[in-house]
Amino acid sequence: MEYNFSEIEQHWKKYWTDNHVYKVENPAPGQTPKPKFYVLDMFPYPSGAGLHVGHPLGYIASDIYARYKRLCGYNVLHPMGFDAFGLPAEQYALETGQHPAVTTEKNIARYREQLDNIGFSYDWSRQVRTSEASYYKWTQWIFLQLFHSWYDRSMDKARPIADLVKIFELTGNAGYPCPGDDTCSFTAEQWKAYSEKDQRNILMNYRNAYQGYAQVWWCEALGTVLANDEVVNGVSERGGHPVERKNMRQWFLRITEFAERLLNSLDNLDWSEAMKEMQRNWIGKSNGAEVSFKLAGGEGEVLVFTTRPDTIFGVDFMVLAPEHELVDSITTADQKQKVDEYKAYVKSRSERERMSEVKQVTGAFTGAYVLHPFTGKKIPVWISEYVLAGYGTGAIMAVPSGDDRDHAFAKHFDIAITNVFGDAYTGDKAYSSKTGTIENSDFLNGMPVSSAIDAAIAALVNAGVGTKKVNYRLRDAGFSRQRYWGEPFPIVYKDDVPYGTDELNDATLSQLPVELPMVEHYKPGPEGQGPLANIEDWVSLSLGEGRGEATRETNTMPGYAGSSWYFLRYMDPHNGTEFAGRAATDYWQQVDLYVGGTEHAVGHLLYSRMWTKALHDLGYISFDEPFRKLLNQGMIQGSSRFVYKLMNGGIFPGDFDVSSLPDIYISKDIVDKLISREPSVKEKVEHFIKENGGVYSILMDWEKEKYDGIPLGRSRVDVNIVNGLELDVNAFKKWRAENVNAKFLCNEDDRFVCEAEVEKMSKSKYNVVNPDDIVKEYGADTFRMYEMFLGPIDMSKPWDTKGIEGVHRFLKKLWRLYADEQKGWIVTDEAATDAELKVLHKTIKKISEDMERFSFNTSVSQFMITVNELSSLNCHKRAILEPLAILICPFAPHMAEELWHKLGHTDSVVKAAYPQYEEKYTVDNTKNYPVAINGKARVEMEFALDAAQADIEAAVLANEAVQKWMEGKQPKKIIFVKGKMINVVI
RNA sequence: GCGGGCGUGGUGAAAUUGGUAGACACGCUAGACUUAGGAUCUAGUACUUCGCGGUAUGGGGGUUCGAGUCCCUCCGCCCGCACCA
């Protein structure tokens, strides 16, 4: 009875599906529920390329953990779905005319097939797809909740906009500053006197989902707005057309109002420090002051934000962002040309360029001056691209003695530097440390930085020219896309004022979802609008008798809309009246374990945190953080293979017909010897070339050539036709038509060796390994265990198919504990010995511990050790092998199920109970102590664990080997750590 | 430039709390069984040395009876980013 994995896996796959083994039930009303556990994977975007072996890494880890928790008695929610809206499907549609719904469906089917091959325990009846109307209905509904709410800073929570209207009617907006317009101020009477349109314009500046203006990349030639990704080197990726910045009305989520809360509640999350740090940096809280500098000889002021108000006496110039609104009005006539030229130059530069050329100092002088608030000194105003319009006030006070970039700028443009740090500033480098005292600064002289900051702010406030200010890097999230394949907004415009469809009081029009209409083509609408703008009879609607006309919003929502709340839908996926029933969300609560890559560190993970907080504040769910524990899996990199080929170019007389020469490939190990100029190899190569009709003289002069003078080329070869490093020569000949007549110079063992290099796994690098192929050859159980065995789950590591043999051998060896090739089933009911029980219970202990710390690679090692030990004990006893089958189930579910049924059970092993270890079998009575002399381990001595220290010390000193190392000296000290080691210090 | 992470055999790695560095595998080398081996089994495999031993966790320094692990410093690699005032 052999381990026939493909038969076993086919059989149980069908059994699990037919019997709905992985179906998860919500507790019935009134029922005392089992404890719950929610294990979630970041759902994939179903791309056309399908899965490669790197994708399932996290899915396998989460599946193992979910199965483990299930065996431990939890009701485990472990769902999967698809993030199905997105740009690639639309681009594909533009090229081929196929509807994104069709290609998406096709891709999902392919993904599903691949996932099913690996034996995941997903409850597919809970599958969600973000592009389905029954799902995006609720994405639209949540958008409306954000639209109809605002952030109450005093209560620190989102509240319905109706509450705000009541406040305005009673007291105006005093005490409720407007986040979208800080100059906005009105009384209750004024509010009531405003027109509906004016009122709604004011409310828009409070809403959590609001309209504003933002710059987008506009491509005139394509007639469309482009994503950052689609702009490469300042031109469009498609077609290479010029692009420019264009201001457009857009939807935003007011995530900045949640900034402080998003920052603070990170402390309570079980996420890696790296992940939390990334979010903290993205939110980017900084404390400082806003300072106003009056323009010299004119009206107006320049407002700056600074974290170092203590250095205010060191200000030597001001810098505005080139896009700053004041630039045009303050620039003097004689500087206008230079400023305009500089602005044009900045406009031509992409974000990437501006980032990668940090060291380059550029800028222009506006000709304008401001006055120092304390000294009245005239300070010149410059513009430069290193100041960003989007951060702070878009202007800085430059202190070259204390800031590196300001210092470089001053040196470059020859601006005199005021030193406010005394001897700490040397003149050739800014002193940016926050230690030391402030000098040359009037009333701040001699103060350490922190008190100088407070004193400076106090003085600024006192003089009425500054305020203490907290600034965040975080910007509101753009929520509009001028695209087709996304959720339509449940928004209509009346008289250019946006209304939620639920405000229309119309049985039909108020109904969600606003379905994505079919379109004939995916070309953009007029003036940068999305394709939906082309469908006139969809866009315009009549509101009925006497209520006029309206038009629909033609933007769609961005990719992260659907993924911001999908974890809630899994809890109650078929609910037709709510996004998820309260009973369901109260039961399942937060995701207990969320597994996914770090690429979502600041996008998806921040947005879904905000949505969860908003839904919580508005009373829809009872928790305000979505993901309690986050586990980031590392990337599986590709291991590319390269072959060396003799190049036939450039060395021949002009009339030589190069195409008559054979294609000669040379094994990597021979190439190495060639490069190190081994004479025997030179002969061998020349001989081979001659024999195959080549011209060997090309190698004759190598003594004069450098390494790169050897005419060798390196080209990629598909990793799937290489076994380890050995090229399958016949497969290579078939791989590409031009390879048919290739000649191979192999090594002494008649092997052709390739070179390997670790790179990102991608089609263009020919290093993609498809999980289907691995599963076919070794089985899903081997594949699952091997992915875990590769290393710690959170580390990046290269894929190497060769190593899978070891894990496959292990599973076969495990199988042989239960079944013999000749004798068949060999499990006996004999009582287990103490030695066997010890192996079992130590294994249970180790695996359980590893599981809790997600150390799956060491679990696999432990299983290997266990099987090795049981094999040498010749153990075929049910008392040992039955619990072992349960232990292995999370890792190798198919084999576990087969063994479980062969052991006589009729129900699935999934429903078994996880074995518990007994302490008495896991503790040893004695310990082989390493005995060290001066910290160097010299001998091993065995002692009972409960032996008295004095007895042990005496025995150690009496030991012959110890005495030899002590060389007759007296011990100064003996360190004894119970259960660990003994160290004799002499 | 800023932020985060990582450096251990030929390779993937282990060492969970400062306590025998290299578990478990891959690969490699022998051997057994076999018609055969991409099956199975046995032994060996960090470097160095005939051996006793010595040397090794990117380099240098420190704390400690004891450091892969803690501290300082330098070097290298990877990832993220919005030059963040």
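Below, read A as the first sequence line, B as the second, and so on, with proteins coming before strands; counting in each chain starts at 1.
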* Earlier contact from the 5' end, RNA chain B, for A:Asp850 and A:Gly392 ->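 Its nearest nucleotide being more 5', the pick is A:Asp850.
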* Asked: Would B:G9 be called syn or anti, given that syn covers angles within 90° of 0?
  ->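 Glycosidic conformation of B:G9: syn.
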Considering only atom [atom1], compute the distance from [N] to [M] and round it to an integer number of Å.
| N | M | atom1 | answer |
| --- | --- | --- | --- |
| B:G53 | B:G18 | P | 31 Å |
| B:A67 | B:G60 | P | 15 Å |
| B:G9 | B:G5 | P | 23 Å |
| B:U69 | B:U17 | C1' | 11 Å |
| B:G22 | B:A56 | C1' | 11 Å |
| B:C6 | B:U45 | C1' | 28 Å |
| B:G61 | B:A46 | P | 27 Å |
| B:C2 | B:U8 | C1' | 30 Å |

Looking for any heavy atom pair under 4.0 Å, which part of the strands does [X] touch: base, sugar-phosphate only, or nothing?
| X | answer |
| --- | --- |
| A:Asn471 | nothing |
| A:Arg475 | base |
| A:Pro798 | nothing |
| A:Met864 | sugar-phosphate |
| A:Lys972 | nothing |
| A:Gln637 | nothing |
| A:Ser855 | nothing |
| A:Lys846 | base |
| A:Glu940 | base |

Please give the nucleotide sitting opposite [N] as a Watson-Crick or G-U wobble pair, both distances under 3.5 Å, or none.
| N | result |
| --- | --- |
| B:A36 | none |
| B:U17 | none |
| B:G9 | none |

Do [Y] and [X] have ring centroids that are under 6.0 Å from one another?
| X | Y | result |
| --- | --- | --- |
| A:Trp815 | A:Phe810 | no |
| A:Phe863 | A:Phe891 | yes |
| A:Phe409 | A:Phe317 | yes |

Does [X] put a side-chain nitrogen or oxygen below 4.0 Å from OP1 or OP2 of [N]?
| X | N | value |
| --- | --- | --- |
| A:Asn857 | B:A14 | yes |
| A:Arg405 | B:C2 | no |
| A:Lys812 | B:U40 | yes |
| A:Ser861 | B:A13 | no |

Could you tell me the separation between the [atom1] atom of [X] and the [atom2] atom of [N], rounded to a whole number of Å?
| X | N | atom1 | atom2 | answer |
| --- | --- | --- | --- | --- |
| A:Ile865 | B:A13 | CD1 | P | 18 Å |
| A:His808 | B:C24 | NE2 | C1' | 18 Å |
| A:Ile804 | B:G27 | CD1 | P | 12 Å |
| A:Leu474 | B:G3 | CG | P | 19 Å |
| A:Ile793 | B:G12 | CD1 | P | 18 Å |
| A:Arg816 | B:U40 | CZ | C1' | 7 Å |
| A:Trp382 | B:C83 | CH2 | P | 22 Å |
| A:Leu817 | B:U40 | CG | C1' | 15 Å |

When you compare the side chains of [X] and [Y], does any donor N or O come within less than 3.5 Å of an acceptor on the partner?
| X | Y | result |
| --- | --- | --- |
| A:Glu942 | A:Thr926 | yes |
| A:Thr307 | A:Ser286 | no |
| A:Asn868 | A:Lys813 | yes |
| A:Thr362 | A:Tyr342 | yes |
| A:Gln862 | A:Thr866 | yes |
| A:His808 | A:Tyr3 | no |

Nucleotide nearest [X] (side chain, heavy atoms from C-beta), chosen from [options]:
| X | options | answer |
| --- | --- | --- |
| A:Lys802 | B:G19, B:C26, B:A14 | B:C26 |
| A:Glu277 | B:G3, B:U40, B:A85 | B:G3 |
| A:Val387 | B:A25, B:A85, B:C41 | B:A85 |
| A:Glu385 | B:C84, B:A39, B:C83 | B:C83 |
| A:Leu790 | B:G12, B:C24, B:A13 | B:G12 |
| A:Thr858 | B:A25, B:A15, B:U40 | B:A15 |
| A:Asn281 | B:G3, B:U20, B:A13 | B:G3 |

* Can you find an N or O donor on one side and an acceptor on the other, under 3.5 Å apart, linking the side chain of A:Lys797 with the base of B:U11? ->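 When only heavy-atom distances are counted, A:Lys797 does not reach the base of B:U11 through any donor-acceptor pair under 3.5 Å.
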* Side chain A:Glu777 and base B:G38 donor-acceptor under 3.5 Å ->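 Answer yes: a donor N or O sits under 3.5 Å from an acceptor.
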Between the protein and nucleotides 62-65 of chain B, are there any N/O to N/O pairs under 3.5 Å, and if so, what are the atom names and distances?
residue, atom, partner, partner atom, Å
B:C65, O2', A:Asn983, ND2, 3.3
B:C65, O2, A:Asn983, ND2, 2.6

* Working to the nearest 0.5 Å, report the span between CZ of A:Arg280 and CG of A:Leu262. =>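 Spacing of CZ (A:Arg280) from CG (A:Leu262) equals 12.5 Å.
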Please tabulate, one pair per line, each protein N/O and nucleotide N/O from nucleotides 52-55 of chain B that are separated by under 3.5 Å, including the distance.
residue, atom, partner, partner atom, Å
B:G54, OP1, A:Arg938, NH2, 3.3
B:G54, OP2, A:Arg938, NH1, 3.1

* Sidechain-backbone polar pair: A:Thr311 side chain, A:Gly314 backbone, donor-acceptor under 3.5 Å ->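 Checked: no pair found.
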* Taking it one step at a time, do A:Thr858 and A:Lys846 satisfy side-chain contact (heavy atoms from CB on, under 4.5 Å)? -> CA-CA 9 Å; A:Thr858 53; A:Lys846 171 78 171 134; 4.2 Å; yes
* Name of the residue among A:Ile379, A:Val387, A:Ile383, A:Ile396 meeting side-chain contact (heavy atoms from CB on, under 4.5 Å) with A:Met318 ->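 The option that passes is A:Ile379.
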* Asked: Parallel, tilted or perpendicular: which describes the rings of A:Trp382 and A:Phe413, with under 30° parallel and over 60° perpendicular?
  ->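 Aromatic pair A:Trp382/A:Phe413 classed tilted.
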